[in-house]
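Please read the structure below before turning to the comments.
In what follows, chains are A, B, ... by sequence order, proteins preceding strands, each numbered from 1. Keep in mind that what you see is a predicted model, and the values were worked out from it rather than measured.
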Amino acid sequence: MAEDFKETLNLPKTDFPMKANLPELEPKMLERWAEQNIYEKLMQRKGKGETFILHDGPPYANGDIHVGHALNKVLKDLVCRYNWMKGNYSPFVPGWDCHGQPIEQQVEKQLGEKRKQITQAEFRELCRKYAETYIERQRNQFIRLGVLGTWGKPYLTMDKKYEATNVKTFKELYQKGLVYRGKKPIYWCYKDKTALAEAEIEYYDKTSPSIKVLFKLIEGPQKLNLNNVYAVIWTTTPWTLPANVALAFHPDASYGVYEKDEKRLIIAEELASQTIGEEARKIASFKGAEFEGSKFEHPLFPGRNSVGVLADFVDLGTGTGIVHIAPGHGEDDYHLGVKYNLPMPVPVDDEGFFTDEAGEFSGMHINNGNLAIIERLKEIGMLLESDSITHSYPHCWRCKNPVIFRATEQWFISVSSDGLRKWALDAIEKVNWLPEWSIRRISSMVEQRPDWCISRQRSWGVPIPIIYCADCQTVQGEEEVFNTIEKRFEEYGADSWFKNDVQFFLPKNHKCSSCGSNRFEKEDDIFDVWFESGISHFAVLRNREELQWPADIYLEGSDQHRGWFQSSLLTSVGVTMEAPYKTVLTHGFIVDEEGRKMSKSLGNVVDPLDVVERLGADVLRLWVVSSDYSSDIAVSEQILQRTVDVYRRIRNTIRFMLGNLYDFEPDKHFVTFEKQTSIDRFILMKFKQLYKQVLEAYENYRFHNVVHGIHNFMVVELSSFYLDVLKDRLYADAPDSQERRSTQSAIYGMLKPILKLLAPIIPFTSEQAYDYLPGKKEESIHLELFDDLDWIKIDEDHLERWEMLLKVRKDYLKVYEMAKSSSVLKTMMEAEVFIVPSEGLRDTLINSKQDLYFIFTSRNVNIINEPVSDLPVSQELESGWYGLRKSNAEKCNRCWNYSSDVKEGICLRCKEVLSS
RNA sequence: GGGCCUGUAGCUCAGUAGGUUAGAGCGCACCCCUGAUAAGGGUGAGGUCCGUGGUUCGACUCCACGCAGGCCCA
């Protein structure tokens, strides 16, 4: 029985647990950071390091966070943490989008019938409470993810000062002439006399009239004889005919002129037979595009013309291929109307009655109007066909009655090509858009977008700060009026608009500049929430002293090209001509393993809170960071499990490194680079190369390269090579030997920077490991700074020599595997190795004699000139000829190496160690 | 239907001014160790580089058309 020398070895020791148990560790760590005021300490760098502002796009204060929120906030946190470790001053002020229709709708649902009994002000108070509830929830959820920031003082779009900034920005846009009032159709419930948002619409089947109507052609394509020619339109809303101003043709479709009952009818060719039968004779054919600018007589109003226009949305599947256009009563119609500069009559009042504009139908409700109009058309012979149809039709969610589209007065921001649009496009050019295709997307959207309708007929929002003269309806656009409103909002919030008389918002003794009246009324509409969030750069970056305008970076999902990136750009450019950001970084959307979006029906939804509870925030973060976020990001249980594997491997490698530093005090034992052993200098050089690559990846926001780089290094370079082959030295050398201290110095010299590189990614684990790290430390790893590893000097020759040795090792392992599988030996230490190096390697090997142990993990290596024949295993490989057999040498019972100097079961090295 | 984007091993990612048998890590299989041990080491098997057509002496890389998916519109 050999003596047990285990106690005499320097085996690794550490209390850093192998099992992370993140769900328990993380909340404790969060408490500790809060007590230590880590974030506040980072903020004390103001005025010292460079300032770098990431401006948070506000999530909507409704519901719990989903995995998309988690992705977004983790990436932001990463950017901030990277900046902190660079020594920058980089406050993160999170925000919430608090106003808007979804909250309003939730509160209305909760209220039910009570809604009608409470005042606007009371209703708004309930909405505020609702928003506050979810802000609190989401705040805690974000904090739990390890996102550090000014959580105690976030920005809210329902803060008074923020609300007042809407007024200020609106004023500035107004004064530049960028704001105007115009008409636009919206969903309207004539029972409730109210505008409806899209989310308040429910679709049910409804039976409507289905009629085909003739419009007499009075001016058309040249080669068409105008005599007795009629365009046939199909509609299910006859009541909109009085508002008709145009007929739309599909530009690419073919239209035939058919003879039928002494009339000649224009119909899309592919639809002709279903309307007038197969037998109708076609006498001419035209492309839709040829009807652009044609004139038709309005069947109900002789003398009034409708113009021929072109539209891609014209449906060639049903109807006649000619669409009746009433810009005041349809979304498509409206856009077409804007494009062709058509008039926009709205001969229907807010209760659904025709106005005088509807001529003979005036005073009639549109429901009766349908019948009356059909009758009238029949009388005058302009009705080709009358039927009814059952189709899906929008209804009011409250009263369940059908709704209509009806143009009403709205407020717009003008996005004209010689104004805001041009300024915005110029500003876009100066911004750094990442990834680079992003600029194409934002540019083409800005190029194509229509004027911005900023008014909404809702309650929960910031009122549009307009005061009208009650007598002459003139807008009171004087600077002092806006300033008064702004001041009131700043002091009392936008709620005051709903609580106070109009005089409260006017300068003393204000009189209408137009008619001198002193009677006024407030605008009822509120701002589009995109306007509100679009001014956050003013409301937050300019108004908070810890921040500055413009932001260095905005970081949001790619949907924000239409949303926040754009609304922020327009408000900013409108006031300053400049973009509110220097860089815009976009990420993709979360999808499942098959690349499909998350949905309840597919059952592939991943809940970040569940992941945090089961696996920990660090694992969730590691998943985020190891994914390439520039396009869609996949998540699934398998993907998360692989992430757990990566996490474990990183953790264990850290643990092993810590374990081998148990008796290492950097101050006392650190061996300077020049005095370190060859292999230590080699690994440090490799590490420095990696370190630089990783910092570069960080700098360029290629975070997934950071993770892959570090992980790869830890697995390939450290775990399977360096740390493995150095066990002999670490365990068996004298604790204080120069060699052992050299290797500990290398391990320490790598571990600390590794933890720093990992700190932004897995802040909990890095902090925990940092606790166990010896040497001088900050109170938290998150207060550390990256360094440049100047003390490590790269020597290309040295690197090259070791790379060659590693090639030898790689080849030798194949031979060793053969020996193992043919049971020649079990461990590398048992082998006696014979190598005939290939040309160019011989000198390297001979000059590396003292390092051969690290290549072969054996003390018995023979560099020979010719292959020998009597070995159990041999193989010719690229780097040379290899042969091996089980060594005849005796095994040292302490270090388990086989060597010729073993006496009484112990080798010379071990004997010396024991005797010292 | 339109604009923008994506498609390399089971998973996460490399790879191209177009050039020999497409790389890594994880996972998987088999083996070793038991002094990193609910760890560690070794070897190995996995890919019609979404498809089709084209340009080219040669295409994962360029072009066209598809297919699948994503975001935003209609």
Give a yes/no on whether any side-chain N or O of A:K597 is located under 4.0 angstrom from OP1 or OP2 of B:rG70.
no

Between B:rG10 (P) and A:Q638 (CD): distance, integer Å:
10 Å

Please work out if A:L9 contacts a base, only the sugar-phosphate, or nothing of the nucleic acid, heavy-atom cut-off 4.0 Å.
base

Mutual orientation of the aromatic rings belonging to A:Y772 and A:F16 [parallel < 30°, tilted 30-60°, perpendicular > 60°]:
perpendicular

A:Y647 OH - B:rG27 C1' separation (whole Å)
20 Å

B:rG47 and B:rU56: how far apart are their P atoms, nearest whole angstrom?
32 Å

Look at all strands and tell whether A:M828 reaches a base, only sugar-phosphate, or nothing, counting heavy atoms closer than 4.0 Å.
nothing

Using the C1' atom on both, measure B:rC60 against B:rU52 and round to a whole Å.
16 Å

Return the CD1 to CG distance between A:I325 and A:D333, rounded to the nearest 0.5 Å.
4.0 Å

Spacing of the P atoms in B:rG15 and B:rG7 (rounded, Å):
12 Å

Is atom NZ of A:K886 surrounded by more than 12 heavy atoms (other residues, nucleotides or ligands) closer than 6.0 Å?
yes

Complementary nucleotide of B:rA29, counting Watson-Crick and G-U pairs under 3.5 Å
B:rU43

Is it the case that the base of B:rC32 and the side chain of A:K820 share a donor-acceptor contact (distance under 3.5 Å, atom types as modelled)?
no

Within the side chain of A:R621, is there an N or O that forms a donor-acceptor pair under 3.5 Å with the backbone of A:P760?
yes

Taking atom types as they are modelled, would you say the side chain of A:T14 forms a donor-acceptor pair with the base of B:rA36 within the 3.5 Å cutoff?
no

Look only at the side chain of A:R885 and the backbone of A:P872, and say whether a donor-acceptor pair between them is shorter than 3.5 Å.
no

Integer-rounded Å distance: B:rA36 P and A:R648 CZ
18 Å

Below 4.0 Å: OP1/OP2 of B:rG40 and any side-chain N or O of A:R649:
yes

Take atom P in B:rU48 and the same atom in B:rG2, then report the distance between them in whole Å.
32 Å

Over how many whole Å does the gap from A:N712 atom CG to B:rG25 atom C1' extend?
5 Å

Please report, rounded to the nearest Å, how far the P atom of B:rG3 is from the CZ atom of A:R449.
20 Å

Going by 5.5 Å between centroids and 30° between planes, is there a stack of A:W896 over B:rG35?
yes

